**Student:** 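Here it is, the structure in full.
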Amino acid sequence: MTFEYAPAPESRAIVDIKPSYGLFIDGEFVDGHGKSFKSISPSTEEVLAEVAEANDADVDVAVKAARRAYTRVWSKMSGAERGKYLFRIARIIQERAREFAVLESIDNGKPIKETRDVDIPLVAAHFFYYAGWADKLAYALPGNGNNGADPQPLGVAGQVIPWNFPLLMLAWKIAPALACGNTVVLKPAETTPLTALLFAEVCQQADLPAGVVNILTGAGETGRAIVAHPGVDKVAFTGSTDVGRAIAKSVAGTDKRVTLELGGKAANIVFDDAPLDQAIEGIVNGIFFNQGHVCCAGSRLLVQESVADEVIATLKRRMKTLRVGDPLDKNTDIGAINSAEQLAKIRELSDIGEAEGAGRWSPACDLPQTGFWFPPTIFTGVSQAHRIAREEIFGPVLSILTFRTPKEAVEKANNTPFGLSAGIWTDKGSRILWMASQLRAGVVWSNTFNRFDPASPFGGYKESGYGREGGRHGLEAYLR
Amino acid sequence: MTTLKATAPPVGPDRLAAFADATASESALRRFLHGLPGVDQVGAEQRAAALGTRSIKTTAKAFALDLAITMVDLTTLEGMDTHGKVKALCAKAMHPDPTDPGCPSTAAVCVYPDMVATAKRALGSSGVHVAAVATAFPSGRAALDIKLADTADAVEAGADEIDMVIDRGAFLSGRYLEVFEEIVAVRAACARPDGGHAHLKVIFETGELQTYDNVRRASWLAMMAGAHFIKTSTGKVQPAATLPVTMIMLEAVRDFREATGQMVGVKPAGGIRHSKDAIKYLVTVNEIAGEDWLDPDWFRFGASTLLNDLLMQRSKIKTGHYSGPDYVTLD
Amino acid sequence: MSARLDVKKTYKLYIDGEFPRSESGRSYVVADAKGGFLANASQASRKDARDAVRAARSAFGGWSGRTAYNRGQVVYRIAEVLESRRDQFEAELRSSEGVTPAKARTFVDAAIDRLVWYAGWADKIAQVVGGANPVAGPYFNHSAPEPSGVIAIIAPAGPLLGLVSVVAPVITTGNTCVVIASEPHPLTAITLAEVMATSDLPGGVVNVLTGSVAEIAPWLASHSDVNGIDLTGVTDPGLGRTLEEAAAENLKRVRRPGLEDLLATPALDRMTKFLETKTVWHPMGL
């Protein structure tokens, strides 16, 4: 018998998308002085709204507003009071969780089950976590150099975030910055500005003092202007390694503090004694979660030769049950690729993988006619020399390599300029700990993958960036 | 009305031969069972929880509710069971919703051995099977000859299916071969004089096995010994059926078919009371074992109160408004 | 009676546990505090820098893989050997920098004590900056620091205390390094290298180059196999910016120019700047 799941769409009625949006500066929505751009739904290509593109003058106004708020209000407020604002924000996000989940799904293209069960709950948790730190900063920096004085905020933080987890990345940036007493100018990604703009409304509902949070929409130029603005004391960026490099260069010779959370090409290592059914789930979750638009995605599967055939066969069978389609359908596992540009990049690298001789396979799946779509895809017979084993594809594309011994697995896993995350699957405890100690990566998931928590520091080694977000470590980026 | 196809291939000699090496000695069997891939509890439970978030609506829900009804082993296993109670249960099994002739019947009724003859008479040629719990159910604490006699009695009284319990004490102390041989013996006691045999369901009492590794090993042990079905629980021990435990067993039957080409059925029993839960199990069947198992020959629910909830949900879909307990029969 | 003629020391580089001359064959004149000739120091080239990085990289696995207790003992051993040769260092400081005997003694005392301070940190820093993370789920989650890798260091002017203050924190935590000694006062650095070479410190963990900062530092800043760079000793802001820009190419961890009061107890930042935080998750289940 065939069990067809009927469409189960989440209602869009809960969100109210305005035809156009201005910039959120000094507590108010204001018109920008630059052009505007359209935010579209990647699953339908429908235009969702016109959004202002902040130019240099807008950036200047926003940074000055943030500075004013910093000196007059926010840095003078007690930590306990700052924390209460963050608790308020956390609660309002919980109250409006469904609205955020639907809007994020529409604007980003990711499945509603992920925005509902992962993104938005983590956003609220992140604000809740850092709210509690605001009046405990004396414990934040062990052995700080202030001769026993409490650590101090840095001032105005310029923050630039990516499109893969729009609101979650906003939370990772804003919550610790505010808890530490900084004010922020944040730019959401060009293709996913809407939940950040809805967050601006949350700031209003929470009566957050004007200028503490400023949201500037725009593209690369806006981001560059924020980073380059002399009134910015701290730059926090999540995105590609290339842009991260450019930011690191542009702040050279200044006093600006920087944290960068960049790309990855994580190895997910499966040994022959792994709990195989869970390993398969970890592989699937590692590369197909959020369409593979995840910097810490397990995009290189390293599987021990003795179980390679079995793992690949089982993985294929599992992939046949993945449901690709309408992001708002509650049964969708894989949504739309975020943009035409990203889709083109995924296609290009996949074609290169095929041309390089790797075996390409996707399950049969009907992709919608409009919007940006790419089927879950694996490449077998990949070697370290293939471009698809080295470059970040940032899509639902898995490169499968094999290894024979733990040492070889470590060598291959570490043989990359990146170092963000890694996965280990084995039932042998001492091997897990040995592997974890050898892998040059900031997050090691053993017998699990792609787990996130506000209390858990996240960030990379090597060209995956520097600084940590989450946990006590996340405060270090916003204090001196 | 559903008629069970009883298409299970004859298991026994063939299957036993296929695993002759693995079951040749206690140590060989132990090596085999402990060589199965481990189960990570957290990952398994997350997977089951994720399957539980599937949203089954409208036509899919109607399909699932009817399918679930056909998979129910409507069960009464009480010390106070009487012939009258069993007859009433049989009536309910044949016509769960007397007001709707389109409502399917359940797969079976499940009773103690002394009630088999009564049930058999009540069900007649309806196609609803009689399943009997045997082997000193629910504890399984009796000598082997008693267990075999218990089984043979039920078969002789007309039971179509025997639900046996394994010796958990032997299993937990690592005497796997003893458990294996007992299943083989009970399997033999299921034979009828006419050459046919009652189907054998093997109950693990997963609440006592405690770990998913044990559930996976028990599954393979029972399948190798010739079980037609593997079943979670007696319903007398908490926790009884859970979604993750059932998922582990569905993985086992899936893998067993990969290895041998033979299908084995799965029956979660105890604790499944709501349609919403039943649908989660069906989603799990669909996505873990595959659609071949979406059939009462290969998947059952051991339940009693579940049936009425399925009927109320079915009525909600038909009428557009919520039903209540006064509108379904209580037997 | 003619006075006995001194046997003077040839000052060379310190790479991979050995003391080679610069492959370029160059040297430069080091003057004493009054401007007189003190010695010829090796003038390292980009190829010497390359060799030093290679040595530091190959030493990294072994050094970072040692127990923290063992690294602490090795750093303490450097302090012991330095103490045993303190007269020589005091004399060198007086002749090269022209400081008073009292000042020289203060610097040597502080350098020895600094090494002891860091030696003690080796097996404690992880407990102070790492720890358990109480995540909302059935996971064991734990963060611990790990060394960043190969660190390039532009040492500040203080030839002994300055050098010890930038090198000790970096190696205590398991990094290896290539350090460019103070350009005007390189000799003490090489003498210190002799101490390190006889202190159980494996070859390649510390590599000392002498010569022109402006010439060598850009090669280290742009080297893709260097993970971090400490610009403490850079005094020219223009050079500092250029080096930081070059370092951005492979996202090196950069410590910007500037020197704290070396006689004060340090903060932890000279260690933490070149530490990565690794977070490990594992499910907890039956």
Side-chain angles (χ1 to χ4, degrees), chain A residues 121 125 141-147 241 244-255 258 260 262 278 417 419 421 424 429 432-433 436-449 451-468 470-473 476, chain C residues 61 64-65 121 125 127-146 148-149 224 227-228 237-254 256-257 260 264-273 276-283 285:
Chain A
L141 301 183
N144 72 74
N146 296 356
N147 295 318
T241 291
R245 233 188 288 280
I247 289 173
K249 276 182 194 163
S250 78
V251 300
T254 71
D255 290 333
V258 190
L260 301 169
L262 309 175
Q278 287 70 52
S421 65
I424 308 164
I432 288 172
L433 296 177
S437 76
Q438 297 297 306
L439 292 166
R440 301 289 289 166
V443 184
V444 177
W445 285 295
S446 33
N447 291 328
T448 187
F449 209 92
R451 296 287 142 200
F452 308 96
D453 193 280
S456 180
F458 183 94
Y461 283 37
K462 301 194 281 187
E463 290 196 24
S464 291
Y466 35 75
R468 291 294 178 269
R472 182 198 61 76
H473 296 76
E476 293 175 359
Chain C
S64 62
W121 268 116
I125 184 74
Q127 291 178 310
V128 171
V129 302
N133 306 309
V135 297
Y139 295 95
F140 171 81
N141 180 302
H142 161 264
S143 291
E146 284 192 350
S148 298
S224 288
N227 301 99
L239 179 63
R241 196 184 63 238
T242 313
L243 294 176
E244 190 176 344
E245 283 170 355
E249 200 52 48
N250 72 334
L251 282 312
K252 285 182 186 66
R253 286 80 180 108
V254 178
R256 291 191 174 128
E260 65 276 21
T265 302
L268 299 189
D269 56 336
R270 288 198 173 275
M271 286 187 287
T272 55
K273 186 75 206 180
E276 309 293 325
T277 298
K278 177 182 279 178
T279 300
V280 179
W281 294 65
H282 198 282

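Keep in mind it's a predicted model, so treat the numbers as computed, not measured.
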**Student:** Might you work through the side chain to side chain contact (heavy atoms under 4.5 Å, CB included) test for A/Arg245 and C/Leu251, ending with a clear yes or no?
**Tutor:** CA-CA 6 Å; A/Arg245 233 188 288 280; C/Leu251 282 312; 4.0 Å; yes
**Student:** Between chain C and each of A/Pro454, A/Gly465, A/Gly471, count heavy-atom pairs under 4.5 Å; write down the option with the most.
**Tutor:**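 Most heavy-atom pairs under 4.5 Å with chain C: A/Gly465.
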**Student:** Look at A/Thr254, A/Leu262, A/Val258, A/Ile424 and state which one has the largest set of heavy-atom pairs under 4.5 Å with chain C.
**Tutor:** A/Thr254
**Student:** Heavy-atom cut-off 4.5 Å, strictly under: side chain, backbone, both or neither for C/Tyr139 against chain A?
**Tutor:**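 The side chain, not the backbone.
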**Student:** Give a yes or no on whether the backbone of C/Gly130 and the side-chain of C/His142 come within a donor-acceptor separation of less than 3.5 Å.
**Tutor:**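 Between the backbone of C/Gly130 and the side chain of C/His142 there is no qualifying donor-acceptor contact (under 3.5 Å).
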**Student:** Please check if any side-chain donor atom of A/Ser456 sits under 3.5 Å from a side-chain acceptor atom of C/Asn133, or the reverse.
**Tutor:** no
**Student:** Return the option, out of A/Val444, A/Leu433, A/Val443, A/Asn447, with the maximum number of heavy-atom pairs under 4.5 Å with chain C.
**Tutor:** A/Val444
**Student:** Do C/Lys273 side-chain atoms and C/Gly228 backbone N/O form a donor-acceptor pair below 3.5 Å?
**Tutor:**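 Judged by distance alone, no pair lies under 3.5 Å.
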**Student:** Parallel, tilted or perpendicular, judged at 30° and 60°: which one describes the rings of A/Phe452 and A/Phe458?
**Tutor:** tilted
**Student:** Please check: side-chain N/O of C/Lys278 versus main-chain N/O of A/Tyr461, any donor-acceptor pairing under 3.5 Å?
**Tutor:** no
**Student:** Please classify the contact of C/Pro237 with chain A as side chain, backbone, both or neither, using a heavy-atom distance under 4.5 Å.
**Tutor:** neither
**Student:** Taking every non-hydrogen pair under 4.5 Å, which of A/Ser437, A/Gly467, A/Gly470 racks up the most with chain C?
**Tutor:**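 The candidate making the most pairs under 4.5 Å is A/Ser437.
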**Student:** Looking at A/Ala441, A/Gly459, A/Ala246, which has the largest count of heavy-atom pairs under 4.5 Å with chain C?
**Tutor:** A/Ala441
**Student:** Pick from A/Ile432, A/Val251, A/Leu260: which one has the most heavy-atom pairs with chain C under 4.5 Å?
**Tutor:** A/Val251
**Student:** Let me know if C/Thr277 has heavy atoms under 4.5 Å from chain A in its side chain, its backbone, both or neither.
**Tutor:**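 For C/Thr277, backbone and side chain are both near chain A.
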**Student:** What I'd like to find out is whether the side chain of C/His282 reaches to under 4.5 Å of the side chain of A/Ser446, using heavy atoms alone.
**Tutor:** yes
**Student:** Between chain A and each of C/Arg241, C/Lys252, C/Arg253, count heavy-atom pairs under 4.5 Å; write down the option with the most.
**Tutor:** C/Arg253
**Student:** Between C/Asn250 and chain A, which part of the residue has a heavy atom less than 4.5 Å away: side chain, backbone, both or neither?
**Tutor:** both
**Student:** Could you look at A/Pro457 and say if it's the side chain, the backbone, both or neither that has a heavy atom under 4.5 Å from chain C?
**Tutor:** both
**Student:** Does the pair C/Glu249/A/Lys249 count as a salt bridge with the N-to-O cut at 4.0 Å?
**Tutor:**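 Judged by the 4.0 Å cut-off on N to carboxylate O distance, C/Glu249 and A/Lys249 do form a salt bridge.
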**Student:** Where on C/Ser148 is there a heavy atom nearer than 4.5 Å to chain A: the side chain, the backbone, both, or neither?
**Tutor:** backbone
**Student:** Mind running side chain to side chain contact (heavy atoms under 4.5 Å, CB included) on A/Glu476 and A/Arg468 for me, showing each step along the way?
**Tutor:** CA-CA 8 Å; A/Glu476 293 175 359; A/Arg468 291 294 178 269; over 6 Å; no
